[in-house]
Amino acid sequence: MSDKKIDIFDDDYEIARRVKSVFGIPNVLLEDEDIISPEYKIRAEKYIKKKLSTIYNDIKEIEKGNIQIAYIYYLVYLISPSMQIRLPQKMKNISTETDMQTINWYTLGQEMLNRCDEIIDDLIEEYSEEETTIGNTIVELSDTVSYPNELT
């Protein structure tokens with residue numbers, strides 16, 4: 001891969017605005033600084049660069065929008081596990097008390113990673129004429145699942 005730099009976003013405010021939009025939360029519940037921390041930005045950029053390394057030099061400027069969307073989805077994936085402690089379970093003011101909707105943040109994060117990978121895989125297919133196949137296995141364990149040795 002060449003030393004060509006991916007300039008995914010020029011403005012950190014735009015990154016924060018888009019991530020909050022995907023989460024669907026107001027500015028007061030998630031600070032811009034938390035979203036645009038160097039740790040998250042560097043990890044997201046490395047992930048995108050690594051996935052696109054084989055076709056990076058061939059990508060046209062018109063694809064920048066798709067790369068930006070994949071980048072935002074990856075940031076949401078990185079931030080999702082910490083959202084449970086960031087958001088209040090209840091909100092209360094003088095006249096009302098509201099229970100916040102329960103969200104499975106790990107499931108949301110996995111969905112965002114899948115969307116990110118789907119966009120990147122589409123770009124790889126388009127520019128390298130290779131077909132990519134992605135898949136995730138999800139196993140749900142509970143007390144009601146019978147184990148193989150119990151069936152015999």
Side-chain angles (χ1 to χ4, degrees), residues 1 4-56 58-93 96-128 130-145 147:
M1 189 167 145
K4 182 177 170 184
K5 179 167 175 21
I6 295 179
D7 290 326
I8 298 173
F9 283 98
D10 299 327
D11 182 14
D12 285 346
Y13 171 75
E14 181 69 13
I15 295 170
R17 187 184 67 76
R18 287 188 180 198
V19 167
K20 288 176 191 177
S21 174
V22 172
F23 277 129
I25 58 175
N27 290 339
V28 295
L29 297 178
L30 184 62
E31 297 291 325
D32 290 354
E33 291 78 24
D34 295 333
I35 296 170
I36 58 172
S37 72
E39 177 187 350
Y40 289 141
K41 287 176 59 179
I42 290 169
R43 285 181 63 188
E45 189 166 323
K46 279 184 179 181
Y47 184 82
I48 300 292
K49 277 184 175 183
K50 183 177 180 182
K51 295 283 268 185
L52 294 176
S53 64
T54 58
I55 62 159
Y56 181 69
D58 300 329
I59 294 177
K60 297 176 182 150
E61 184 68 23
I62 197 166
E63 300 296 350
K64 185 175 181 178
N66 287 330
I67 295 171
Q68 287 177 337
I69 294 168
Y71 182 85
I72 294 299
Y73 285 157
Y74 194 78
L75 282 175
V76 171
Y77 159 73
L78 291 174
I79 297 169
S80 287
S82 67
M83 290 303 289
Q84 187 170 353
I85 59 173
R86 291 176 191 267
L87 296 182
Q89 298 300 315
K90 290 186 177 201
M91 292 189 72
K92 189 177 189 180
N93 64 23
T96 62
E97 184 174 321
T98 305
D99 288 329
M100 302 298 281
Q101 181 181 6
T102 304
I103 297 172
N104 186 333
W105 295 106
Y106 293 100
T107 302
L108 176 70
Q110 190 61 47
E111 182 182 326
M112 293 298 111
L113 179 61
N114 291 342
R115 288 183 182 183
C116 171
D117 286 341
E118 185 178 302
I119 291 169
I120 291 172
D121 289 341
D122 287 347
L123 284 170
I124 291 171
E125 282 183 25
E126 183 176 334
Y127 283 92
S128 68
E130 290 179 19
E131 283 198 32
T132 57
T133 305
I134 62 168
N136 291 318
T137 303
I138 299 173
V139 177
E140 187 173 325
L141 298 176
S142 70
D143 293 338
T144 59
V145 176
Y147 291 97

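- Put simply, CG on Leu30 and CD1 on Ile25 are 4.5 Å apart, with the number rounded to the nearest 0.5 Å.
- Under the side chain to side chain donor-acceptor pair (under 3.5 Å) criterion, Lys41 pairs with Asp12, not counting sequence neighbours.
- Between Leu113 and Tyr73 there is no side-chain heavy-atom pair separated by less than 4.5 Å.
- Considering only residues two or more places apart in sequence or on other chains, Ser37 meets the side chain to side chain donor-acceptor pair (under 3.5 Å) condition with none of them.
- At least one side-chain heavy atom of Ile59 sits under 4.5 Å from a side-chain heavy atom of Ile67.
- The two atoms that bring Ala70 and Cys116 nearest to each other are O-SG, 3.3 Å, heavy atoms only.
- No side-chain heavy atom of Ser82 sits less than 4.5 Å from a side-chain heavy atom of Trp105.
- In this structure, Tyr40 and Ile35 have side chains that are not in contact, with every pair of non-hydrogen atoms separated by 4.5 Å or more.
- Judged as a salt bridge (Lys or Arg N to Asp or Glu O under 4.0 Å), and not counting sequence neighbours, the contacts of Glu14 are Arg17, Arg18.
- For the pair Tyr106 and Pro81, the minimum side-chain heavy-atom distance is below 4.5 Å.
- With sequence neighbours excluded, the residues that form a side chain to side chain contact (heavy atoms under 4.5 Å, CB included) with Thr107 are Asn104.
- Note: Ile15 CD1 to Tyr71 OH = 4.5 Å, rounded to the nearest 0.5 Å.
- Considering only residues two or more places apart in sequence or on other chains, Ile62 meets the side chain to side chain contact (heavy atoms under 4.5 Å, CB included) condition with Lys60.
- Two residues are said to be in side-chain contact when any heavy atoms from C-beta on lie closer than 4.5 Å; Phe23 and Leu108 meet this criterion.
- One distance of note links CD1 of Ile120 with CD1 of Ile48; it measures 3.5 Å at 0.5 Å rounding.
- Residues Asp32 and Lys20 meet the side-chain proximity criterion, which asks for heavy atoms closer than 4.5 Å.
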Worksheet item: Between Tyr77 and Tyr74, is a ring-ring contact (aromatic ring centres under 6.0 Å, His included) present by the stated rule, with each step listed?
Response: CA-CA 5 Å; Tyr77 159 73; Tyr74 194 78; 5.3 Å; yes
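- Every residue meeting the salt bridge (Lys or Arg N to Asp or Glu O under 4.0 Å) condition with Glu39, not counting sequence neighbours, appears here in chain and number order: Arg43.
- With sequence neighbours left out, the side chain to side chain donor-acceptor pair (under 3.5 Å) criterion links Ser21 to no other residue.
- Interatomic distance, Met83 CE to Asp34 CG, rounded to the nearest 0.5 Å: 9.5 Å.
- Between Leu75 and Ala44, the shortest heavy-atom contact is CD2-CB, 3.9 Å.
- Contacts classified as salt bridge (Lys or Arg N to Asp or Glu O under 4.0 Å) and involving residues 67-82 (residues at least two apart or in different chains) are not found.
- Separating the CD1 atom in Ile124 from the CD atom in Glu126 is a distance of 11.5 Å, to the nearest 0.5 Å.
- In this structure, the side chain to side chain donor-acceptor pair (under 3.5 Å) partners of Tyr47, at least two apart in sequence or on a different chain, are Asp117.
- Expressed to the nearest 0.5 Å, how far CG of Asn114 lies from CD1 of Ile119 amounts to 11.5 Å.
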